There are 2 protein chains.
Amino acid sequence: MTCSINYAPQLRAQGLRMTPQRNAILHVLHHSGGHLSPTQVYKQARKEYPRLTEPTVYRTLEDLAEKKFLLAAHVGNGKIVYELAAKQHHHLICHKCGGTVQVEHAPLELLYRQLESSTGYKLDSGHVTFFGLCSDCQS
Amino acid sequence: MTCSINYAPQLRAQGLRMTPQRNAILHVLHHSGGHLSPTQVYKQARKEYPRLTEPTVYRTLEDLAEKKFLLAAHVGNGKIVYELAAKQHHHLICHKCGGTVQVEHAPLELLYRQLESSTGYKLDSGHVTFFGLCSDCQS
DNA sequence: ATCCTTATTGCAACTTTTTACAATAGCACA
DNA sequence: TGTGCTATTGTAAAAAGTTGCAATAAGGAT
Ligand SMILES: [Mn+2]
Ligand SMILES: [Mn+2]
Ligand SMILES: [Zn+2]
Ligand SMILES: [Zn+2]
């Protein structure tokens, strides 16, 4: 499965090497379009590159997230999912039915500035997860 | 190790039974005072109640968190820690050095109300985790 | 004090995630 | 095109977390 997207130059610009393993992982995330768990990434990317192993998947996802190619999101109980980094957004998850809603960054902008000035931290741009009960599950 | 705190009545008020396993787990969290991982809880609570097993620890921590006796916090890469629920607060973690800062709930209050009215979700009271770079790690 | 219901537990097997280290292979440069 | 540096990978083993199910025991009721 070849496709036009080539991440090699951007990876090298960040000091990372392009390998067939990384290529397969990035393609899987690109074509899925959504959030995938490491196990899902492993199973799918393996079809493109069968020698792929689990440790490589876990390390690659972490490395690519650290360099901002991917966003990591917590989805409850220590579960984590990844997606290609695109527009900045956040998540709101119903802890009863699992339903999720995307949250724009705009309403968080003021808070971010307050926290940065009061703590001295420079906040990451993305992907905070809020939990709650959706309207259906409140009854 | 006996101690004066007895959670039994509060547990029963929530429809939960008090067992020596739960007692040991609650005591460990009470005496530690901070955030503990499930593995840490398991190792310590085992000293008080040696028959304790891992599945019981994981299930108990989830159950107690669901009933709001405990707060769960994500601390990066799918790692989760628990603490006794007390004052509402949030966390800001440096993803380079791991340094953490507590964040009061007050500055999030407005955001919470906005999100609740725009999404229809009723937000959980606690423990959002923000990530960023602390002032030391920004250079 | 005993019985009964059913929440809770332990067991055993399994899946997921992590670790250390030696082998491999990008890619910058000559 | 070939060489060398070292980032990246696979391997093997361990650790952490999950699951289904049968046995146990908490605590309300008699
Ligand atoms: Mn997302
Ligand atoms: Mn906390
Ligand atoms: Zn819901
Ligand atoms: Zn730091």
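Source: prediction; values computed, not measured. Numbers restart at 1 for each chain; the letters A, B, ... are given by sequence-line order, proteins then strands.
Distances shown here put a side-chain N or O of B:Y58 below 4.0 Å from the OP1 or OP2 atom of D:dG17. Close to C:dG26, at under 4.0 Å from its OP1 or OP2, lies no side-chain N or O of A:R12. Between B:T56 and C:dC11 there is no side-chain N or O to OP1 or OP2 distance below 4.0 Å. For the pair A:T19 and D:dT9, the criterion of a side-chain N or O lying under 4.0 Å from OP1 or OP2 is met. At the phosphate of D:dT9, neither OP1 nor OP2 sits under 4.0 Å from any side-chain N or O atom of A:T53.
Nucleic acid contact for A:R22: sugar-phosphate only, since backbone atoms but no base atoms lie under 4.0 Å from a heavy atom of the residue. Contacts of A:R59 with the nucleic acid, taken as non-hydrogen atoms under 4.0 Å apart, include base atoms. Using a 4.0 Å heavy-atom criterion, one finds that A:Q21 contacts the sugar-phosphate atoms exclusively.
Comparing B:P55 and B:A8 along DNA chain D, the residue whose closest nucleotide (by nearest heavy atom) sits nearer the 5' end is B:P55. Heavy-atom distances to DNA chain C give each of A:E62 and B:L52 a nearest nucleotide, and the one nearer the 5′ end belongs to B:L52. A residue-by-residue look at B:I80 and B:R51 shows that B:I80 has its nearest nucleotide of DNA chain D further toward the 5' end.
Taking atom CD of A:Q40 as the reference point, atom C1' of C:dT15 lies 14 Å away to the nearest angstrom. Taking atom CG of A:N23 as the reference point, atom C1' of C:dA25 lies 15 Å away to the nearest angstrom. Rounded to a whole Å, the NZ atom of A:K79 is 7 Å from the C1' atom of D:dG17. When the P atom of C:dT15 is taken as reference, atom OH of A:Y42 falls 13 Å away, rounded to whole Å. For the pair A:R17 CZ and D:dG4 C1', the interatomic distance rounds to 11 Å; values are reported in whole Å. Distance CD (B:E54) to C1' (D:dA15): 10 Å, rounded to an integer number of Å. Note: CG (B:N6) to P (D:dG27) measures 10 Å, nearest angstrom. What separates CG of A:L61 from C1' of C:dT16 is a distance of 14 Å, to the nearest Å.
Using modelled atom types, no side-chain atom of B:R12 and backbone atom of B:M18 make a donor-acceptor pair closer than 3.5 Å. Listed for the B:H30 side chain is no donor-acceptor partner under 3.5 Å among the backbone atoms of B:L26.
With a 6.0 Å radius and a threshold of 12 heavy atoms from other residues, nucleotides or ligands, A:K96 has its NZ atom at or below the threshold.
One finds the CD atom of A:Q10 at 9.0 Å from the CD atom of A:Q14 (value rounded to the nearest 0.5 Å).
Aromatic ring centroids of B:H127 and B:H89 lie under 6.0 Å apart.
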